[in-house]
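Report on the following structure.
Start at 1 and go down the list; that is how both ligands and their atoms are numbered. One is the number of the first residue; the rest follow in order along the sequence.
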Amino acid sequence: MRLKSLQGTWLGHDVSFDFDSSTRTWYGLAGASLKTHPGSYPLALNAESISGKTLSFERKIHVGHAKYPSIAINVPKRYTEPDPAQVEKIKQDQALKESLFPKSGPEREWSGRFLPPVDAPISDQFGTERKLNGVIQSTHQGLDYRVPAGTPIAALNRGTVLLARPLFFEGNCVVVDHGQGLLSLYLHLSEITVKEGDQVTGGKQIGLSGATGRATGAHLHVAVRWQGVYLSTLFALRLP
Ligand SMILES: [Zn+2]
């Protein structure tokens, strides 16, 4: 049966599907957070056929167990014991992110492959459990590339610049909205070379790497967030 539209629900998220006419396949993007327990979860699908018939079906998708490394790192004390003014700035940053991030609309802006932001070795993977200065436990929600300060950093895919400004922990930060709740985040930049509202394509420079914010040294932290859930950046880069 030929379908006119296909929509899904997965772990409480809406999943949009697009039809690729060359492979005659419907494609959708969805992920599970690091806090999801291993097990089988239903992907509920609702479709409408060309003739106007509605169909519903369900498929169980298995979320497997994964193990992540633990490391200890040291950062300047203000990042683990902020003073009252810094606590206020952290709160403002949080409110800004909470107001901007849900603005990603239902339209898909990304297309084709996700490109690496820089050609450099990876220095820390997604999911690492970190103990900061021996006091704060934090999960690494992105991918780190070892790059010297001043290296050009490129957008992973097409989108609109949602945020481009300095934040307390993130340092100079750029967030690109790829639509359908999919964001890519670029942290610790020495310089931002785009403005909020700019359109970018995959491979377009968004800034220069640096060590601003809570960083142990110059590197690029790049994260992928889907409807409020951080996903493995490498997973996005490996999508066909
Ligand atoms: Zn990082």
Side-chain angles (χ1 to χ4, degrees), residues 31-35 66-82 86 89-90 93-94 96-97 100-101 114-157 159 161-178 182-194 205-226 228-238:
S33 87
L34 280 169
K35 291 195 178 115
K67 244 183 123 71
Y68 298 99
S70 292
I71 56 166
I73 60 169
N74 291 306
V75 291
K77 214 172 163 186
R78 64 181 180 277
Y79 294 114
T80 51
E81 293 164 57
Q86 291 161 341
K89 167 74 175 135
I90 294 164
D93 288 356
Q94 193 59 35
L96 175 73
K97 289 183 279 182
L100 284 180
F101 288 1
F114 286 77
L115 305 172
V118 67
D119 181 15
I122 287 162
S123 54
D124 193 16
Q125 59 161 287
F126 176 84
T128 305
E129 283 299 328
R130 296 165 148 192
K131 192 123 195 210
L132 304 172
N133 298 352
V135 289
I136 287 184
Q137 197 71 38
S138 152
T139 305
H140 191 228
Q141 310 241 55
L143 185 67
D144 287 351
Y145 287 91
R146 190 179 298 123
V147 277
T151 308
I153 302 303
L156 303 186
N157 206 314
V161 177
L162 187 62
L163 180 151
R165 59 176 92 184
L167 301 174
F168 184 73
F169 288 120
E170 294 84 349
N172 290 323
C173 177
V174 171
V175 179
V176 177
D177 172 16
H178 303 288
L182 188 71
L183 309 176
S184 59
L185 300 87
Y186 312 81
L187 276 57
H188 313 308
L189 304 172
S190 60
E191 211 177 299
I192 294 173
T193 56
V194 286
Q205 185 185 309
I206 51 93
L208 302 176
S209 62
T212 56
R214 190 176 72 189
T216 50
H219 74 284
L220 172 71
H221 172 106
V222 58
V224 171
R225 190 177 152 112
W226 172 71
V229 174
Y230 283 98
L231 304 181
S232 162
T233 309
L234 275 182
F235 166 81
L237 294 175
R238 284 176 187 150

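In terms of distance to the Zn ion (ligand 1), the nearest N, O or S atom of Asp144 is named OD1.
Under a 4.0 Å N-O distance rule, the pair Asp93/Lys97 does not qualify as a salt bridge. Salt-bridge formation is not detected for the pair Arg146/Asp124: no Lys NZ or Arg NE/NH1/NH2 atom is positioned less than 4.0 Å from an Asp or Glu carboxylate oxygen.
For Gln205, the side-chain hydrogen bond (donor to acceptor under 3.5 Å, both in side chains) test picks out Thr193, with sequence neighbours left out.
Ring centroids of Phe168 and Tyr79 are separated by less than 6.0 Å, placing the two rings close together.
Vertex the Zn ion (ligand 1); arms to His221 atom ND1 and His140 atom NE2; angle 100° (nearest 10°).
Taking 2.8 Å as the criterion, Asp124 does not count as a coordinating residue of the Zn ion (ligand 1), since none of its N, O or S atoms falls below it.
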